[in-house]
There are 2 protein chains.
Amino acid sequence: MTGTGLRKGAQPFTPAVEDYAKTLYRLEQQRDAPVATGAIATRLEVSAPSASNMVRNLAQLGLVTVARGRGARLTPAGRELARAVIRRHRIIECFLMDALHLPWDSVHGEADLLEHAVSTRVAEAMWDALGRPVRDPHGDPITPSGDDDPDTDILEPLDACEPDAIGVLVRVSDAQPEALRYMAERGIAPGLPIRVISREPFGVGQRVLIGDTEHIIGPELGRLIFIERTA
Amino acid sequence: MTGTGLRKGAQPFTPAVEDYAKTLYRLEQQRDAPVATGAIATRLEVSAPSASNMVRNLAQLGLVTVARGRGARLTPAGRELARAVIRRHRIIECFLMDALHLPWDSVHGEADLLEHAVSTRVAEAMWDALGRPVRDPHGDPITPSGDDDPDTDILEPLDACEPDAIGVLVRVSDAQPEALRYMAERGIAPGLPIRVISREPFGVGQRVLIGDTEHIIGPELGRLIFIERTA
DNA sequence: ATGCGTTTTTAGCGCACACTAACGACAAGT
DNA sequence: ACTTGTCGTTAGTGTGCGCTAAAAACGCAT
């Protein structure tokens, strides 16, 4: 891979380390258990040995403890780093959309590049300039400073909601840009009221009212959309 | 130095290459001649061998031609790269000051970090959001897209101006943050009218009217301040 | 021309991070 | 109990980019 260049005044951790911490955090919070190195490798699109090595590296930095046998867990320090990176990422996403008016689906990728170069100072200045928003454009929470995502457990994936469920579309996973583009085209975005009309058979998906438009949401998409139930 | 981490979607050139191109450009334009590798090393604060190696690297990338014997010159491609980086840098500086209200003296350092992570798309979006300004906060020109700095030759360093010279303070070199802090404290900034009152003997410097305040400008500072003469 | 100081390059190394190929450890199936 | 497939790890490489120590080239003064 390409070398690092002259990054003297940069963050205390390398971009790679930050990325691993972030990924660890994500996976750890998905199911609360030690994270397999293979999962990390898949998620970061690196080879298994690369992930294996880097996990050892993180352990040496005190960011991770390797449970004997299988899997790694973040230490408090690691968790703090991960949360700091995620916070920067989300602030940057907000910023790119609200201040620079970049299209929804490109914001996540740009933020991935920027999150390692933007200092905390700059990120906080962005946050202030935006009026300290509470969620990013995909509905992910921007937590005060080092808290856990408060509501990931409250939210339900649309996919899992039975007909007549009512709520607010709060979050849309930013993992797949094409999905975002698809949704943007149809006006599906966080903040809209949502109601499940019915579930179509044969795996077609759900008929859903979002805002005042009816949509057919396939199961793939349904897993990326999260709602806060009101009924 | 630290490794690069996962920078997949990034710029076509590494941060280091961009930094060398930028420096080459700067030095080449200072005196129009091939640039000695030692000068590059000094400017970038790396060892002479490092600079030497990287210059060879740039040559291989087609960004530079190494004049036999001494010194390197940018090719058109190299010049274009350098100008793109410099343009990004200046837009970012503007942005940090005008949109995020960061202090004058910290803006340059942050921009140095960011200029390699901000894509052209984002930089141009920043520029638009700022109303396409023509100069950055230090008075350096933000040229339309790939032109040469138009006026560096028109400007005169304050240091070289004789008493009674009148003009506008256009540019302040951003090379030394402490100097910027000093000037910021005293309200010295680009855009102000300026008049040289007298030159004090024994190397003390010049008495100068900037805006409507009188200042004593020592020779060190006088070399960092550039004015556009009107008389 | 010869020798000296400066400048540049060569040689060899370290570190971060990726990769492939090959090896080991364990669950499950026969 | 033995094979097999799925993990994970070790071993060894490559690339970017920095470094020091030593050699080579240049430029100037004698």
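Residue numbers begin at 1 in each chain, while the letters A, B, ... track the order of the sequences.
With contacts defined as side-chain heavy-atom distances shorter than 4.5 Å, the pair A/R26/A/I86 qualifies. Here the side chains of B/R79 and B/R83 are in contact, with some heavy-atom distance below 4.5 Å.
Geometric assessment of B/R90 against the ring of B/W127 yields a negative cation-pi assignment under the 6.0 Å and 45° thresholds.
Atom-to-atom, CD of B/E45 to P of D/dC17 comes out at 18 Å; the value is rounded to the nearest Å. One can place CG of B/L58 at 10 Å from P of D/dG18, the figure rounded to the nearest angstrom. Following rounding to the nearest Å, A/L61 (CG) and C/dC17 (C1') show an atom-to-atom distance of 13 Å. The distance from atom CD of A/Q60 to atom P of C/dA16 is 9 Å, rounded to the nearest whole Å. Rounded to whole Å, the distance from CG on B/N57 to P on D/dC17 is 6 Å. For the pair A/I40 CD1 and D/dG8 P, the computed distance is 9 Å after rounding to whole Å. Atom pair B/N53:CG and D/dT20:C1' shows a separation of 13 Å (rounding to whole Å applied). With rounding to whole Å, A/L63 atom CG is found 14 Å from C/dA16 atom P.
Phosphate contact (OP1/OP2 of D/dT10, side-chain N/O of A/S52, threshold under 4.0 Å): absent. Proximity of B/T14 to the phosphate of D/dC17: a side-chain N or O atom is located under 4.0 Å from OP1 or OP2. OP1 or OP2 of C/dA16 has not a single side-chain nitrogen or oxygen of A/Y20 nearer than 4.0 Å. Dashed line: the shortest gap from a side-chain N or O of B/T37 to OP1 or OP2 of C/dT9 is under 4.0 Å.
A parallel orientation is assigned to the rings of A/H138 and A/W104, their planes being inclined by less than 30° (bins at 30° and 60°).
Backbone-only engagement by B/A36 is indicated by non-hydrogen atom pairs under 4.0 Å involving sugar-phosphate atoms exclusively. Among the protein residues, B/S50 comes within range of the nucleic acid bases, having at least one heavy atom under 4.0 Å from a base atom.
Between C/dC19, D/dC17, D/dA21, one nucleotide has an atom nearer to the side chain of B/P49 than all others, and that is D/dA21. Listed candidates were D/dT10, D/dC19, C/dC17. Nearest to the side chain of A/R56 is D/dT10. Closest to the side chain of B/A48, out of C/dT8, D/dC19, D/dT9, is C/dT8. Residue B/M54 places its side chain closer to D/dC17 than to any other of D/dT20, D/dC17, C/dC17.
Comment: A/D140 engages A/R171 in a salt bridge, judged by a side-chain N to carboxylate O separation of less than 4.0 angstrom.
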